[in-house]
Colleague: 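Before we start, here is the structure in question, set down as structure tokens.
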2 protein chains.
Amino acid sequence: MPCPAAPGQGDDAITVPSSNPLTRKLETFTRLSQDDRLSLDRLAGQNLRRMDARQDLIREGDKPQALNLILSGWACRYKTLEDGRRQIVSFFLPGDLCDLNIFVLRRMDHCVGTLSPATFAQIPRALIEEVVLHHPRITQALWWENLVSSAIQREWTLSLGQRDAAERLGHLFCEIFLRLGSVGLTGRTTCELPLTQTDLAEATGLSTVHVNRTLQTLRSNGLVVLKGKMLEIPDLRALMDASLFNPDYLHLQHEGSHLDANG
Amino acid sequence: MPCPAAPGQGDDAITVPSSNPLTRKLETFTRLSQDDRLSLDRLAGQNLRRMDARQDLIREGDKPQALNLILSGWACRYKTLEDGRRQIVSFFLPGDLCDLNIFVLRRMDHCVGTLSPATFAQIPRALIEEVVLHHPRITQALWWENLVSSAIQREWTLSLGQRDAAERLGHLFCEIFLRLGSVGLTGRTTCELPLTQTDLAEATGLSTVHVNRTLQTLRSNGLVVLKGKMLEIPDLRALMDASLFNPDYLHLQHEGSHLDANG
DNA sequence: CGGTCCCTTGACAGCCGTCAACTACCGTGG
DNA sequence: CCACGGTAGTTGACGGCTGTCAAGGGACCG
């Protein structure tokens, strides 16, 4: 669908996907004006922070300071029990926000840590409020983002409660692949996966040994190829079927998506 | 802490807890003006709907119509897999809201059904928006409600991923007891629990047989007493310890709670 | 009094965890 | 060049937590 030229971000970009993954993601849901895009770019440029892999960004008990937006790399939210058991409760991929409006709470009830080297924007409360006030479409899109995050958390609850090991891993791979796709970070059948088997175990509630064995099964069934830090899903449809994966919960269909080429 | 008399809701009520469980709950977080309370009562009076136990209020695929507020009885959100496996992903207790701003989504990705006879208010979108516009404290309190719901969902993820059967059930009982307490629906050591063992199984990701056996263990350890539809927790501290329960995620401490009698 | 729902119990199996050892890989440094 | 240490991945043996199947009991109800 052609789009009229508009004052761009420096060059002749028109509908070139934004380099800002938040914009990219929100545009899977709604159409944004050039002004909206500029405001989002402004958010994404706040107080950039670069971190190594396996560093804590936020610790349990901290007072919420800023809204974190992940721009590159992977991070996760995790919780631990007193005896050391640890559960990754969600992944943060580029374009993901940690809890909009987290400022309402006095103390964090979980930790956020990086899994790979990562870059964050730390957006001050006032700036969020200002943007929300002047950009109703952004506000709506941020609501969408928030609701999708909740839906993902519910789906994880379903996975951990009902799916077996192979289904959990397969489901997780499908989810990651689609989420990365919505920010343009996938190839046709591949994406990065900077996770160790220990990370996968902590996210799926399995032991590392069992993750290892289950991955071997998935591999030998031709459902996934894992090499280095790359994930290949030769036949997404097959993996989705094997994992009882229904993409509806990601709410990737936007209002006009039935008009799109691949809608 | 004594409180000055204020124009009440018809009688000589002063700081008498509101009969509206939403108000009651939000006041565990923040202080509300009489005007705020009246607005919340107005929300809670919208399009009341009474339902029997085990009825679906919302089905997967439905278009979101109104914001549901549960006034009495219990309900739950649940998801099912194609082969019939079913997972309760959250409980709705009196005072709970189903997804503020759900209107943003086009279709529901889960079902909501009653567990006991229940009463709901169905609040139209426009009314929410109006109240939010004119009542900043309510807005803030609704944000708190929203964030706490997410925190609960994360804690369930932790439970399902890391806790064993006894810990899961014990943890769930602690959570329910505290949540019901925040709307004034508990006795000193007791509360209603209108759940079957099948419900408990679907919420904890266990089989009914194993729930049954685990409950027997909890009972014989003196940690819980279950009779009829009543739950008794003789020693909350002990059950919390046994279940690795940390109440921080419920964010029940409000700003001035250190000044309260039992803060 | 038969039916239904819920709870309970026993026997058995299997998914998955634990423990422990071993391999592969990689960057560092002598 | 190879030694070395650390991390990540792999494998085998074994056990236990939890699921499945099946049957029976109790309470409530038309």
Side-chain angles (χ1 to χ4, degrees), chain A residues 52-55 74 81 83-88 113-117 159-172 192-220 224-231 242-243, chain B residues 52-55 74 81 83-88 113-117 159-172 192-220 224-231 242-243:
Chain A
D52 287 339
R54 308 203 174 268
Q55 306 290 313
W74 289 37
L81 297 177
D83 62 8
R85 280 176 278 176
R86 181 176 137 123
Q87 177 71 36
I88 292 177
T114 58
L115 295 165
S116 69
S159 264
L160 290 169
Q162 301 297 329
R163 282 187 250 258
D164 68 21
E167 291 165 346
R168 279 186 221 177
L169 284 167
H171 191 279
L172 180 59
E192 278 191 70
L193 190 84
L195 300 178
T196 64
Q197 293 185 357
T198 302
D199 295 328
L200 289 172
E202 290 180 346
T204 53
L206 301 166
S207 66
T208 58
V209 173
H210 201 60
V211 164
N212 182 288
R213 293 185 166 122
T214 305
L215 287 177
Q216 290 177 45
T217 306
L218 291 176
R219 272 192 273 241
S220 69
V224 303
V225 180
L226 280 164
K227 215 179 310 175
K229 294 300 181 192
M230 291 293 290
L231 164 68
S243 312
Chain B
D52 287 337
R54 306 197 177 270
Q55 306 290 314
W74 287 38
L81 296 177
D83 62 8
R85 279 176 279 176
R86 180 176 138 125
Q87 176 72 35
I88 292 177
T114 57
L115 295 165
S116 70
S159 263
L160 290 169
Q162 301 298 329
R163 282 187 250 258
D164 68 22
E167 291 165 345
R168 280 186 220 176
L169 284 167
H171 191 279
L172 180 59
E192 279 192 68
L193 190 85
L195 299 177
T196 65
Q197 292 186 358
T198 303
D199 295 328
L200 289 172
E202 290 180 348
T204 53
L206 301 166
S207 66
T208 57
V209 173
H210 201 58
V211 164
N212 182 286
R213 292 187 167 121
T214 306
L215 288 178
Q216 290 177 44
T217 306
L218 291 176
R219 273 192 272 241
S220 68
V224 304
V225 179
L226 279 165
K227 214 178 308 174
K229 294 301 181 192
M230 291 293 289
L231 164 67
S243 311

Colleague: Does B/Arg168 offer a backbone N or O that forms a donor-acceptor pair with the side chain of B/Ser159 under 3.5 Å?
Modeller: no

Colleague: Within the structure provided, determine whether B/Arg54 and B/Thr196 are in side-chain contact (heavy-atom separation under 4.5 Å).
Modeller: yes

Colleague: Would you say that B/Leu160 contacts A/Gln87 through its side chain, given a criterion of any heavy-atom pair below 4.5 Å between the two side chains?
Modeller: no

Colleague: Are A/Arg163 and B/Leu81 close enough that some pair of their side-chain heavy atoms sits under 4.5 Å apart?
Modeller: yes

Colleague: What are the bounds, 5' to 3', of the part of DNA chain D that sits under 4.0 Å from heavy atoms of chain B?
Modeller: D/dT18 to D/dC21

Colleague: What's the shortest heavy-atom distance between A/Lys229 and A/Leu195, and which atoms?
Modeller: NZ-O, 3.6 Å

Colleague: Quick one: pull up CG in A/Asp199 and OG1 in A/Thr208 and give me the separation to the nearest 0.5 Å.
Modeller: 11.0 Å

Colleague: Select base, sugar-phosphate, or nothing to describe what A/Arg219 touches, counting heavy atoms under 4.0 Å on all strands.
Modeller: sugar-phosphate

Colleague: Mark yes or no for whether B/Glu192, through its side chain, and B/Leu231, through its backbone, hold a donor-acceptor pair below 3.5 Å.
Modeller: no

Colleague: Taking only residues two or more places apart in sequence, or in another chain, which ones meet A/Arg86 in a salt bridge (charged side-chain N to carboxylate O under 4.0 Å, His left out)?
Modeller: A/Glu202

Colleague: Rounded to the nearest 0.5 Å, what separation is found between the CG atom of B/Leu226 and the CG atom of B/Leu200?
Modeller: 8.0 Å

Colleague: Quick check on the helix from C/dC1-D/dG30 to C/dG30-D/dC1: what's the angle between its two end axes, five base pairs per end, to the nearest 10°?
Modeller: 20°

Colleague: What is the first contacted nucleotide of DNA chain C and what is the last, in 5' to 3' order, if contact means an atom lying under 4.0 angstrom from a heavy atom of chain B?
Modeller: C/dC6 to C/dA11

Colleague: State the CZ-NE2 distance between A/Arg213 and A/His210, to the nearest 0.5 angstrom.
Modeller: 8.5 Å

Colleague: Rounded to the nearest 0.5 Å, what's the gap from CG on A/Leu193 to CG on A/Leu115? Could you check?
Modeller: 10.0 Å

Colleague: Enumerate the residues from residues 201-216 of chain A whose closest heavy atom to DNA chain D is under 4.0 Å, giving them by residue number; use none for an empty result.
Modeller: A/Val209, A/Asn212, A/Arg213, A/Gln216

Colleague: Can you sort out the partners of B/Asp52 under salt bridge (charged side-chain N to carboxylate O under 4.0 Å, His left out), two or more places apart, ordered by chain and number?
Modeller: none

